[in-house]
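Take a look at the structure below.
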Amino acid sequence: MEGLEAKWSEVWERDGAYRFDRTATREQVFSIDTPPPTVSGSLHVGHVFSYTHTDVIARYQRMRGKVVFYPMGWDDNGLPTERRVQNHYGVRCDPSVDYDPRFTPPAEPSEKEPLSISRPNFVELCLQLTESDEQAFEALWRTLGLSVDWSTTYTTIGRVAQRVSQRSFLELLARGEAYQLQAPTLWDVDFQTAVAQAELEDRERPGAMHRVRFARASEGDGGAAGAAPRGEAEADGPEADRPGGANAAGPGVGDILIETTRPELIPACVALLTHPDDARWSALVGGEALTPLFGTRVPVLAHPLVEPDKGTGLVMVCTFGDLTDVTWWRELSLPVRAVLGEDGRLREVPWGAPGWESVDVAGARASYGELVGRSVNQARRRIVELLSESGELIGEPEPVNRAVKFFEKGERPVEIVTSRQWFFKTVAHREELLARGVELQWHPHYMRARYEDWVNGLTGDWCVSRQRFFGVPFPVWYEIDGSGTVLYERPIPAEEARLPVDPSTDVPDGYAPEQRGQPGGFAGDPDVMDTWATSSLTPQIAGMAGEDASDLLARVFPMDMRPQAHDIIRTWLFTTVLRSHLERDSLPWRVAALSGWVLDPDRKKMSKSKGNVVTPMHLLEEHGADAVRYWAANGRPGTDTAFDPQQMKVGRRLAVKLLNASKFALADLPPAGERLTSAIDRALIARLAATVEDVTRSFEDYDYARALQHTEELFWWFCDYYLELVKGRRYDSAGDPEGAASVSRALRLAVSVFQRLLAPFLPFVCEEVWSWWQPGSIHLAQWPDAADLWAELEPAADATEDEALTVAAEVLSEVRKAKSEARRPMRAPVEQIRVHDTPARLQALQLGLGDLRAAGAIERIESVESDEFAVEVELA
RNA sequence: GGGCGCGUAGCUCAGUGGGAGAGCGCUCGCUUCACACGCGAGAGGUCGCAGGUUCGAAACCCGCCGCGCCCACCA
């Protein structure tokens, strides 16, 4: 077993065993949209797991005669690489710094401040680091035995990917499917970039519910000269027994109370809402309230989304505390009062100016002065103190645990900040996308529900712009008018022939470089695309869509299979379906095959830290690639699987067993005869044929785990019973030349089938044993055909032959048990056995008597008719 | 709150209408002529709980409990 990986992967590479034939037609091809792993991290056991599943399918299809298109991609663009470069070199990208062509990164990252470098220098470092990562990844995949065509490798930051991505963007822009908008957007305050709905995750965080009193705006509060509720509140607040005045609500309504977990957003409050049917607050609807501390007049309105059971039934709408606020803000046409800056701190706002009116401007400024410049958390602590002092905080804040939305790679909750971003239309295509989900074949089928949940839950179009650096730029510039205003509504698209372009360094046609940023000149779009905006085009990138002189795409697209894990259905799967639908009016692939995760033995998702302890290369070195693949292939489609080195040892045993069984079967003993004459041999071939049919069906259904299980089951049975039963005929050929010739033939048929059935799972050992006696690679050999095996059995086998094998094996088992209980060796001679069984089975056994006698070292075999099967054994 | 999946031997899991299974682990035995990186044998389970359908349920239906995941407008 030692050294098989190195030996055969070298041969496969030399012979181009997995090279895609570019002359193949679409009907001949089986194409795979391989997931490009993120190269900024390390591969872990989970990758080995799911990529093995894909490879097993690829190898099966290849043996079925398909020309397999199996590229590998590296996902190197995006935030993960930026972060890795920052940490690895101790640098930071600063777009205002000029390019330094002689820049070399420090040998050791600085302990202190990160080094500010230009965007082009930063991108160069990203490219350098990912290239070395990619080499390490390729080495691992080769050791694992992935049958990838390494000449079709792509990267998501490469020139082809950039061109395909930019070309696609320009087409969507021309067709109005891509648009730019100044709008409230999900925002990560640490990375200072927009993020998409798909990149959010909920995390439980402790918080507190604050009950806060608003004042009722009286008629006289109209202008700046009106009464000062804040002062009033200060005066009256501590009193439990408040006189009816501006702060008292109207008839039947007590204090105007809201509950909030985000009191720091009170200065951003634009309305109070209640449910239309909520009698408690109906008297207020149509009127106005005044915010505490800031004295801002806000309308009290009704909206059906308000849930009367929550809090006081009266809710404060801020711009913006959460996505519901955005909904209300949009549907009720509320104004914007934004207090949060892009850095997650409360920004300066002009109290008293239009939009920031207050009945007490001085008081508002004073209160806000306590908050400005502070982070959300700091501001929250401070405003609670202020509200408490003013008496507008009712009772103590009540601790609550609540789910908060985070950017999946972020460390602080996302905020909603108004900014200019690019969007791709999704919501308008909801029904079409659901129909695509029905058209797609899902394995396992229930995974479709996740897709449908996601599509049905889309709340807005896909925000694709990111305020980052290492990604595919938007290939557009903007005119700057004479006054220096950037005319965003008039993007200048790049010429197709110039792609890929980087508008931050490239200049649009008709302009000179000096005009960048000048009145009358131009500005480049500063953003890069969401990594999914490029990854959603992997079928087109791998297929070289629109690239020179290539009709590759027509031979591979739409692809046959998209393998991926179930956690990225809402991102990679969804966006790929969207792009293909919009640009090609087609599914990107016929089949989606979903893998599960690898779990720790304690059933938790394998974490990165734990995954790094057991590195994949170490696993492969310790157990061998075939053994690791065996473990992976036991994980059923879509099902999470526990990490289990024990299973790898079993895989190793299977591989060794195949080696030894093949050695026995192919040993240069009697030559194979022309036909099978023994019932035992014929019964074996019949079982083999049935298993081939069953295993092939499983593979056609993408259930590789079942295919392996059934192959393995018959193989172990073959080794434990059939091989033992036929040893007599095999070795003592003189006594029965015809029987010896028959068994030789059966053995050759059997190992030929077993080797090929196991080849997708154990490619190295199978290639080794195949090379002993067959020309060419087993991985290019034809998949076993049950019809060939049935043809061996002309005239057709009858049930008695199968029963002969069954009964002979059962009797042998009883004989072994007797020897085991007597603590004798298995070769211990048996004086006589007496088999009790039904007449039919006894008659069948006659066909296998010779083999049974030799296998058990049995002198005499007697038969006794009985309804109960039993074997009496008399050891010598 | 809605949805999906799961609950079978100590562990990992197969089994979808008729006999409760596999591997690992455990115990015992065996230098066996393909294999000691092996071979043989054994112990071990009220199939989550409770109803129903059926001649018959681990499987089908209803409810409940537990676990995991996905989704949600979680003030």
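Just so it is clear, the structure is predicted and the values come from calculations on it, not from any experiment. Proteins come first, then strands; the chains are lettered A, B, ... in the order of their sequence lines, and each starts at number 1.
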Under 4.5 Å between any side-chain heavy atoms of [X] and [Y], yes or no?
| X | Y | value |
| --- | --- | --- |
| A:Thr291 | A:Phe214 | yes |
| A:Tyr630 | A:Leu762 | yes |
| A:Phe643 | A:Thr641 | no |
| A:Leu433 | A:Val577 | yes |

Please enumerate all protein N or O atoms sitting under 3.5 Å from an N or O of nucleotides 70-75 of chain B, with distances to 0.1 Å.
from  : atom 1 : to       : atom 2 : distance (Å)
B:C71 : OP1    : A:Arg570 : NE     : 3.3
B:C71 : OP1    : A:Arg570 : NH1    : 2.8
B:A72 : OP1    : A:Gln197 : NE2    : 3.2
B:C73 : O4'    : A:Thr324 : OG1    : 3.2
B:C73 : O2'    : A:Thr324 : OG1    : 3.3
B:C74 : N4     : A:Asp202 : OD1    : 3.1
B:C74 : N4     : A:Asp202 : OD2    : 2.5
B:C74 : N4     : A:Lys405 : NZ     : 3.2
B:A75 : O3'    : A:Glu259 : O      : 3.3
B:A75 : O3'    : A:Thr261 : N      : 3.2
B:A75 : O2'    : A:Glu259 : O      : 3.3
B:A75 : N6     : A:Glu307 : N      : 2.6
B:A75 : N6     : A:Glu307 : O      : 2.4
B:A75 : N1     : A:Glu307 : N      : 3.1

Quick one: [X] [atom1] to [N] [atom2], roughly how many Å, whole number?
| X | N | atom1 | atom2 | result |
| --- | --- | --- | --- | --- |
| A:Glu821 | B:G42 | CD | P | 7 Å |
| A:Phe715 | B:G23 | CZ | P | 15 Å |
| A:Arg636 | B:C13 | CZ | C1' | 9 Å |

Within the structure, does a side-chain N or O atom of [X] lie under 4.0 Å from either OP1 or OP2 of [N]?
| X | N | answer |
| --- | --- | --- |
| A:Lys819 | B:C30 | no |
| A:Arg448 | B:G3 | no |
| A:Arg653 | B:C24 | yes |

Distance-only polar pair, side chains of A:His210 and A:Glu259, donor-acceptor under 3.5 Å: no

Between B:U31 and B:G40 - P atom distance, rounded Å: 15 Å

